[in-house]
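Reckoned from all heavy atoms, side chains included, excluding hydrogens, waters and symmetry mates.
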Amino acid sequence: MHTQISAEQYDSWSEEQCAGIEVVDGMVIASPSASKRHNRLAQILANALDAVAGPDWNADTDFDVRPQDVPLTNRRPDVVVYRAETIDLTPTRPEHVLLVAEVVSPGSETTDRIVKVDQYAKAGIPFYWRVEQAATGVPLVYTYVLDPAANAYRDGEIFTGVIKAAAPFSVTVDLGAV
């Protein structure tokens with residue numbers, strides 16, 4: 001029998017215990033280690049976003065976001081852009097997050113394309129990016145913008161091999177060499 005965990009239980013765990021897992025509706029979901037290519041792509045994106053974020057925003061990888069407390073849902077997006085003054089608040093709350101990005105890996109397609117999109121939209125996170133690697137090896141970046149009235153994302157632009165950040169950012173990153 002599986003038992004749901006609470007936010008208090010999760011918060012009592014060490015960083016090592018929380019690494020590599022997410023919690024969805026109170027159930028612990030173990031995530032397999034991402035590939036080096038996956039991690040590299042996420043790091044390039046985070047570095048580019050952080051470079052243009054200014055003093056009010058940070059961009060990081062391996063950062064917890066808690067869309068809801070009951071039942072507990074705790075996600076670890078590949079890249080998070082969040083308010084700089086909240087760097088020490090763990091986990092990060094949706095109201096402190098501007099953008100989350102997920103790099104799709106084999107096995108995470110449905111979660112990244114459907115489940116997380118819905119969860120992040122319902123949590124009110126303004127921007128969602130999904131990064132996929134095409135058969136050619138050149139990344140495709142699908143951008144989504146929150147429609148607050150519908151509590152859902154609407155499609156934004158699609159970029160191939162180059163990332164251009166959504167407002168208020170302005171950045172171009174060539175990901176073709178990842």
Side-chain angles (χ1 to χ4, degrees), residues 1-35 38-39 41-43 45-46 49-50 53 56-132 141-156 165-166:
M1 176 102 186
H2 297 286
T3 305
Q4 287 186 325
I5 66 163
S6 68
E8 293 79 20
Q9 288 171 307
Y10 182 84
D11 292 342
S12 73
W13 295 353
S14 69
E15 181 64 29
E16 292 78 27
Q17 290 172 302
C18 296
I21 67 165
E22 292 183 321
V23 180
V24 179
D25 294 332
M27 305 305 289
V28 174
I29 308 294
S31 301
S33 296
S35 70
H38 175 110
N39 290 338
L41 188 55
Q43 191 62 58
L45 177 57
L49 291 168
D50 198 54
D56 295 334
W57 298 96
N58 291 338
D60 280 309
T61 60
D62 199 28
F63 211 78
D64 284 350
V65 175
R66 181 161 301 161
Q68 66 185 40
D69 285 323
V70 179
L72 177 62
T73 297
N74 201 82
R75 290 291 189 179
R76 195 170 279 231
D78 292 311
V79 179
V80 179
V81 177
Y82 60 95
R83 294 189 184 283
E85 74 265 11
T86 65
I87 192 168
D88 293 322
L89 298 179
T90 302
T92 298
R93 297 300 184 159
E95 60 268 21
H96 301 143
V97 176
L98 178 65
L99 177 147
V100 292
E102 296 286 356
V103 178
V104 178
S105 293
S108 75
E109 294 94 344
T110 300
T111 302
D112 292 340
R113 291 180 185 149
I114 300 169
V115 177
K116 288 182 180 180
V117 175
D118 186 54
Q119 287 175 344
Y120 294 145
K122 286 181 178 164
I125 297 172
F127 299 98
Y128 177 71
W129 289 2
R130 188 181 80 237
V131 183
E132 297 189 14
V141 181
Y142 298 85
T143 66
Y144 302 89
V145 180
L146 184 65
D147 176 353
N151 231 15
Y153 289 113
R154 62 178 166 76
D155 292 345

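Of the inter-residue distances, the one linking R93 atom CZ with I125 atom CD1 reads 11.5 Å to the nearest 0.5 angstrom. To the nearest 0.5 Å, the span separating CG on D69 from CD on E8 amounts to 7.5 Å. The distance from atom CG of L41 to atom OG1 of T61, rounded to the nearest 0.5 Å, is 12.0 Å. Distance check: Q119 CD to R75 CZ gives 4.0 Å after rounding to the nearest 0.5 Å. For the atom pair CG (N74) and CD1 (I21), the distance works out to 8.0 Å, reported to the nearest 0.5 Å.
Side chains of W13 and I5 form a contact here, defined as non-hydrogen atoms less than 4.5 Å apart. Counting only heavy atoms from C-beta outward, the side chains of L146 and F127 never approach each other to under 4.5 Å. W57 is not listed as a side-chain neighbour of L49, based on a closest heavy-atom distance of 4.5 Å or more. Residues H96 and L89 have side chains in contact (heavy-atom distance under 4.5 Å, counting atoms from C-beta outward). Between Y120 and Y153 there is a side-chain heavy-atom pair separated by less than 4.5 Å.
Residue P67 comes nearest to P94 through the heavy atom pair CA-CG, 3.8 Å, listed as atom of the first residue, atom of the second, then distance. The heavy-atom pair separating A121 from N151 by the smallest distance is O-OD1, 3.5 Å. The two residues V103 and H38 have their closest heavy-atom pair at O-CE1, 2.7 Å. Heavy-atom minimum distance, Y82 versus V80: CD2-O, 3.7 Å. Residues P77 and E22 approach most closely at N-OE2, 4.5 Å, considering heavy atoms. Heavy-atom minimum distance, A59 versus D50: N-OD1, 3.0 Å.
At distances below 3.5 Å, not a single donor-acceptor pair connects side-chain atoms of T92 with backbone N or O atoms of V65. A side-chain donor-acceptor contact under 3.5 Å links Q68 to the backbone of P71. In this structure a side-chain-to-backbone donor-acceptor pair under 3.5 Å is present from Q4 to D25.
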Chi angles and distances behind the side chain to side chain contact (heavy atoms under 4.5 Å, CB included) call for L72, Q9: CA-CA 10 Å; L72 177 62; Q9 288 171 307; over 6 Å; no

Assess the residue pair V81 and N58 against the criterion (side chain to side chain contact (heavy atoms under 4.5 Å, CB included)); give the C-alpha distance rounded to whole Å, side-chain angles, the decisive distance to 0.1 Å, and a yes or no. CA-CA 6 Å; V81 177; N58 291 338; over 6 Å; no

Step by step, work out the side chain to side chain contact (heavy atoms under 4.5 Å, CB included) result for V115 and D118. CA-CA 5 Å; V115 177; D118 186 54; over 6 Å; no

Steps toward side chain to side chain contact (heavy atoms under 4.5 Å, CB included) verdict (E132, D112): CA-CA 10 Å; E132 297 189 14; D112 292 340; over 6 Å; no

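Using modelled atom types and a 3.5 Å distance limit, the side chains of D155 and Y142 yield no donor-acceptor pair.
The pair K116-D78 fails the salt-bridge criterion, with no side-chain N (NZ, NE, NH1 or NH2) lying under 4.0 Å from an Asp/Glu carboxylate O. Salt bridge annotation for E102-R76: absent, with no cationic side-chain nitrogen under 4.0 angstrom from a carboxylate oxygen. At a threshold of 4.0 Å, the pair E95-R83 does not count as salt-bridged, since none of the basic side-chain nitrogens sits closer than that to a carboxylate oxygen.
In this pair, Y128 and Y144 present their aromatic rings tilted. The plane angle is within the 30 to 60° band.
By the side-chain contact (heavy atoms from CB on, under 4.5 Å) test, A101 is found to be paired with L45, V79, L99, W129, residues two or more places apart in sequence or in another chain being considered.
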